[in-house]
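A short worksheet on the structure shown next.
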Amino acid sequence: MCGRYANALSARQLTESFAARDETDGVQPNFNVSPTNIAPVVVIPSEGPLAGARLRTARWGLVPSWARDVAIGNRLINARAETVATKPAFRAALRARRCLVPATGYYEWHRADGARRGQPYLVRPADDTPAGLAGLYEVWHPPSGGVLATFTVITTTAAGGLEFLHPRSPVLLPQASWSRWLDPCVNDPEAVTGMLGPAPAGMLRAYPVSSRVGNVRNNDPHLLDPVVV
DNA sequence: CCAGACGTTGTT
DNA sequence: GTCTGG
DNA sequence: CCAGACGTTGTT
DNA sequence: GTCTGG
């Protein structure tokens, strides 16, 4: 699944990699993105005079428009590709508010039989290019006023070769399908769910990293470093 | 009809 | 907002 | 996802 | 054991 990830790129690097206009006020790299964190996402708004992709920030954990409490989003950090088109919390966003979640890689905890704690791994593209995770975003109006953008990461069956780690993986969209995934004119659920397959074997590599990543207060580039276990 | 839920993952 | 359960 | 809290009363 | 916060 996907409950923690890293984004090592600056706002400037993200705008180049994703061909997006920066609307974030210069978001910083985050090597330990956890649920409820504000993180950059790439979207194409369906309204407005300017065409093209934008880099914006949103809170991880999708809060549906009808929610009364932001805490609902704490458990909606992932959406299953198999059911996202029909779930009340996600289907509106699937039609109209898809996004890319830029990631250097995501963390997976591998718990051996009977082990108390899992060994964290970093899973990242084998060629070290930035990943675009398939995401959905939503705009929520808190009772107290204001507006909050939130997002979730879509999961599917494990990517090729990563079955040993976990039965699920986040969807990594190939660069060739980024623009179609984001295109707000595409609103046929079947057309978009068709893009949500597992990555083929060889596309990703996974290696153990420091258990320091478990504590959300730790956030530095060395969290990406391989360790020997 | 109204009231209340609306989700994922993993573990048992 | 929309569906499910009573 | 993991880490850390998890309660009440009364007093300041 | 289970929930909340990050």
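The chains referred to below are lettered A, B, ... by the order of the sequence lines, with proteins before strands, and numbering in each begins at 1. Only a predicted model underlies this, so the values are computations on that prediction, with no experimental measurement involved.
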Does a side-chain N or O of [X] approach OP1 or OP2 of [N] to a distance below 4.0 Å, or not?
X: A/R212; N: D/dC2; answer: no
X: A/R91; N: C/dG1; answer: no
X: A/T83; N: B/dT8; answer: yes
X: A/R68; N: B/dC6; answer: no
X: A/R217; N: D/dG4; answer: yes
X: A/S34; N: E/dG5; answer: no
X: A/R80; N: B/dT9; answer: yes

task: Mind checking the CG-CG spacing from A/L9 to A/L14? Nearest 0.5 Å is all I need.
output: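 Taking CG in A/L9 and CG in A/L14, the distance rounds to 5.0 Å.
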
How is [X] classified with respect to the nucleic acid when contacts are heavy atoms under 4.0 Å: base, sugar-phosphate, or nothing?
X: A/P35; answer: base
X: A/W109; answer: sugar-phosphate
X: A/S65; answer: nothing

- request: Answer yes or no: is there a side-chain heavy-atom contact under 4.5 Å between A/S169 and A/Y106?
  value: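 They are in side-chain contact.
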
Grab the [atom1]-[atom2] distance between [X] and [N] for me, whole Å please.
X: A/L223; N: D/dC1; atom1: CG; atom2: C1'; result: 14 Å
X: A/N37; N: D/dC2; atom1: CG; atom2: P; result: 16 Å
X: A/D69; N: B/dC6; atom1: CG; atom2: C1'; result: 14 Å
X: A/L94; N: B/dT8; atom1: CG; atom2: C1'; result: 16 Å
X: A/M1; N: B/dT11; atom1: CE; atom2: P; result: 11 Å
X: A/L136; N: B/dT8; atom1: CG; atom2: P; result: 11 Å
X: A/N78; N: D/dC1; atom1: CG; atom2: P; result: 8 Å
X: A/N32; N: E/dG6; atom1: CG; atom2: C1'; result: 9 Å

message: Between the side chains of A/R98 and A/D183, is the shortest nitrogen-to-carboxylate-oxygen separation below 4.0 Å, so that they form an ion pair?
response: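 Salt bridge absent between A/D183 and A/R98.
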
query: Hey, are A/D225 and A/R212 close enough for a salt bridge, meaning a charged N less than 4.0 Å from a carboxylate O?
result: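 Result for this pair is no, no salt bridge flagged.
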
Would you measure the distance from the [atom1] atom in [N] across to the matching atom in [M] and give it in whole Å?
N: B/dA3; M: D/dT11; atom1: P; result: 43 Å
N: B/dT12; M: E/dT2; atom1: P; result: 11 Å
N: D/dT8; M: E/dG5; atom1: P; result: 16 Å
N: B/dA5; M: E/dC3; atom1: P; result: 15 Å
N: D/dC1; M: B/dT9; atom1: C1'; result: 10 Å

Considering only side-chain heavy atoms of [X], which listed nucleotide, [options], is closest?
X: A/I77; options: D/dC1, D/dC2, B/dT8; value: D/dC1
X: A/R168; options: B/dT9, B/dC6, E/dG5; value: B/dT9
X: A/R4; options: D/dC2, B/dT8, B/dC6; value: D/dC2
X: A/F90; options: C/dG1, D/dC1, B/dT8; value: B/dT8
X: A/N215; options: D/dG4, D/dC1, B/dT11; value: D/dG4
X: A/K87; options: B/dC6, B/dT8, D/dC1; value: B/dT8

field: For E/dC3, the Watson-Crick or wobble partner whose two distances fall under 3.5 Å
entry: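 Base partner found: D/dG4.
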
query: Has the side chain of A/N32 got a donor or acceptor atom that lies under 3.5 Å from a matching backbone atom of A/N218?
result: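 Answer holds: yes.
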
- prompt: Ring centroid separation for A/W60 and A/Y5, is it under 6.0 angstrom?
  reply: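 Yes - the distance between ring centres of A/W60 and A/Y5 falls below the 6.0 Å cut-off.
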
task: Show your reasoning for whether salt bridge (Lys or Arg N to Asp or Glu O under 4.0 Å) applies to A/R168 and A/E108.
output: CA-CA 10 Å; A/R168 311 282 303 174; A/E108 194 79 84; over 6 Å; no

- prompt: Is the aromatic ring centre of A/Y107 closer than 5.5 Å to the centre of the six-membered base ring of D/dC1, with the two planes inclined by less than 30°?
  reply: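 The ring of A/Y107 is not stacked on D/dC1.
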
